Amino acid sequence: MSNIKWIKLSTAMFDDEKIRLIEKLPEADTILIIWIKLLSQAGRTNANGYIYLNENVPYTEEMLATIFDRSLNTVRLALKTLREFGMIFIDDDSFIRISNWEKHQNVEGMDRVRKLNAERNKRYRERKKQQLIEDKPEDVSVTSRDGTEEELDKEQDIEIEKEQEKDVAKIVQFWDENGFGVNNIHAKKQLLLWLDDSSFKDPGEIILKALNIACENDARRLKYAEGILKNWEKESLLTVEEIDQNHKTRNKQVVSQIEYDPNRDRF
C-alpha cells in the first residue's frame with residue numbers, strides 16, 4: 001500500500017450542489033478551505049479516507065484548529081456543516097473519515113493495487129483449479145463452458161471466500177489475544193485492508209507473521225506491523241518462503257561478520 005502523494009480534485013467540483021449550497025453560507029470560503037485541508041490530511045494518513053494522529057488517537061477539534069491555523073469555532077462550524085452535508089463521517093470513537101473517499105484517491109496508486117489484487121486472485125484461482133483437477137480428475141473430463149468448467153469456477157469462488165474468511169478470523173483472533181487492543185476496531189480494519197490491497201501471494205499468513213514479529217519486539221501497534229509489511233513489499237518478498245529465506249540469509253551474514261571481525265577481542 002504505497003503512500004498517497006496527491007489526491008484527485010475534479011475541475012467541476014464547484015458545480016457540485018453541496019459545494020454550491022455551502023458557498024451560500026456566511027463562512028463559506030473558510031469551510032471550503034477546511035474541506036480541502038481535510039482531503040489533503042486524509043491523503044497523508046493514507047487509511048482509506050480516515051484522518052487521525054495515529055491509529056489510537058483521533059484528531060480533536062482543538063488539534064485540527066491548530067494544524068489548520070483556524071479558530072476553534074470555525075473548525076467546529078466546518079465539521080458540523082460537512083457532517084450534515086454527508087461529506088465526512090465521524091464514528092463512535094471520534095475518528096473522522098471522508099465520505100466517498102475513492103473519488104479523491106491517487107488513481108495510479110489505486111490502479112496498481114487493483115492490478116496486483118487481480119493478479120493475486122488469478123494465481124490463487126489457478127492453484128485451486130489445479131488442486132480440484134488433481135483431487136477430482138473424473139469431474140473435469142468435460143470441457144464445455146456450460147458444464148464442468150462452469151461448476152469448477154463456482155467452486156473456486158466459494159473456496160476463495162472461505163479462505164478469506166479464515167484469514168480474517170485468524171488475524172482478528174491473534175490481534176485480540178496478543179494485546180494489540182480488542183477495542184481498537186479502526187486499526188483492525190486498517191490492517192485487514194492488506195488482505196486485498198497488497199501484492200503478497202498469501203497475505204493472511206504474511207500478516208500473521210508481521211504481527212508475530214511485532215509481539216517479539218514488544219511493539220504491539222498497527223504502525224509497526226504495517227512498517228514490516230511495507231518493507232517486505234518494497235523488497236519484493238511476497239511469500240512466506242521468500243521472507244524466511246531473506247531472514248536466514250541476513251542472520252548468516254551477521255554471524256559471519258562476528259566470526260571474522262578482526263577487531264573482536266581474542267581469548
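Computed from a predicted model, the values in this text were never measured in an experiment. No hydrogens, no waters, no symmetry mates; every other heavy atom, side chains included, goes into these values.
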Whether over 12 other heavy atoms sit under 6.0 Å from Asp69 CG: no
Pairwise distance CG(Asn73) to CZ(Arg70) - rounded to 0.5 angstrom: 14.0 Å
Flag, side chain of Ser94 to backbone of Pro58, donor-acceptor distance under 3.5 Å: no
Shared hydrophobic cluster, Ile96 / Ile185 (ILVMFWY, side-chain heavy atoms < 4.5 Å): no
Side-chain donor or acceptor of Asp91 paired with backbone N/O of Asp93 under 3.5 Å: yes
Exercise: identify the closest heavy-atom pair between Gly49 and Ala42: O-CB, 4.0 Å
Nearest-0.5 Å distance that lies between atom CG in Leu72 and atom CG in Leu77: 11.5 Å
Members besides Tyr52 in its Ile/Leu/Val/Met/Phe/Trp/Tyr cluster (side-chain heavy atoms under 4.5 Å): Tyr50, Phe95
Test log, rule side chain to side chain contact (heavy atoms under 4.5 Å, CB included), inputs Leu191 and Ile207: CA-CA 8 Å; Leu191 183 65; Ile207 291 170; 4.0 Å; yes
Approximate separation, where rounding is to 0.5 Å, of Leu9 CG and Ile36 CD1: 5.0 Å
Members sharing Ile33's hydrophobic cluster (side chains within less than 4.5 Å): none
pair Ile243-Ile206: side-chain heavy atoms closer than 4.5 Å: yes
Least distance between heavy atoms, Ile171 atom then Leu208 atom: CA-CD2, 3.9 Å
Derivation of the side chain to side chain contact (heavy atoms under 4.5 Å, CB included) call for Leu222 and Phe180: CA-CA 8 Å; Leu222 174 65; Phe180 285 87; over 6 Å; no
Candidate pair Lys80 and Glu84, rule salt bridge (charged side-chain N to carboxylate O under 4.0 Å, His left out), full reasoning: CA-CA 6 Å; Lys80 179 176 181 293; Glu84 289 175 348; 2.7 Å; yes
Transitive ILVMFWY side-chain link Val57 to Ile51, under 4.5 Å: yes
Any pair counted as salt bridge (Lys or Arg N to Asp or Glu O under 4.0 Å), so long as it reaches residues 56-66, sequence neighbours left out: Glu61-Arg76, Glu62-Arg76
Those residues that, when tested against Asp176, pass salt bridge (charged side-chain N to carboxylate O under 4.0 Å, His left out) (two or more places apart): Lys188
Asp29 vs Glu23, side chain to side chain contact (heavy atoms under 4.5 Å, CB included): CA-CA, chis, key distance, verdict: CA-CA 7 Å; Asp29 291 347; Glu23 286 187 305; over 6 Å; no
Distance (rounded to the nearest 0.5 Å) between Leu82 CG and Ile34 CD1: 8.0 Å
Euclidean distance, Leu39 CG relative to Ile98 CD1, rounded to 0.5 Å: 5.0 Å
Connected-component partners of Phe89 among ILVMFWY, side-chain separation under 4.5 Å: none
Intermediate values then yes/no, side chain to side chain donor-acceptor pair (under 3.5 Å), Trp194 and Glu226: CA-CA 9 Å; Trp194 283 86; Glu226 281 200 307; 2.7 Å; yes
Closest non-hydrogen atom pair, Phe200 against Leu229: CZ-O, 3.4 Å
Close side-chain approach of Met87 and Ile22, heavy atoms under 4.5 Å: yes
Co-membership, hydrophobic cluster, residues Phe68 and Leu25, 4.5 Å side-chain: yes
Contacts of type side-chain hydrogen bond (donor to acceptor under 3.5 Å, both in side chains), residue Glu27, not counting sequence neighbours: none
Side chain to side chain contact (heavy atoms under 4.5 Å, CB included) between Gln41 and Tyr59, intermediate numbers included: CA-CA 11 Å; Gln41 198 67 34; Tyr59 278 122; 3.3 Å; yes
Heavy-atom closest contact (Ala65 atom, Val75 atom, distance): CA-CG2, 3.6 Å
Same apolar cluster (I L V M F W Y, side chains within < 4.5 Å links), Ile88/Ile67: yes
Shared hydrophobic cluster for Phe85 and Ile90 (ILVMFWY, side-chain gaps under 4.5 Å): yes
Minimum heavy-atom distance between Phe174 and Leu211, given as atom pair plus value: CE2-CB, 3.5 Å
Atom pair CG/CG of Leu192 and Asp167 - distance to nearest 0.5 Å: 9.5 Å
Nearest heavy-atom neighbours spanning Ser236 and Glu242: O-OE1, 3.6 Å
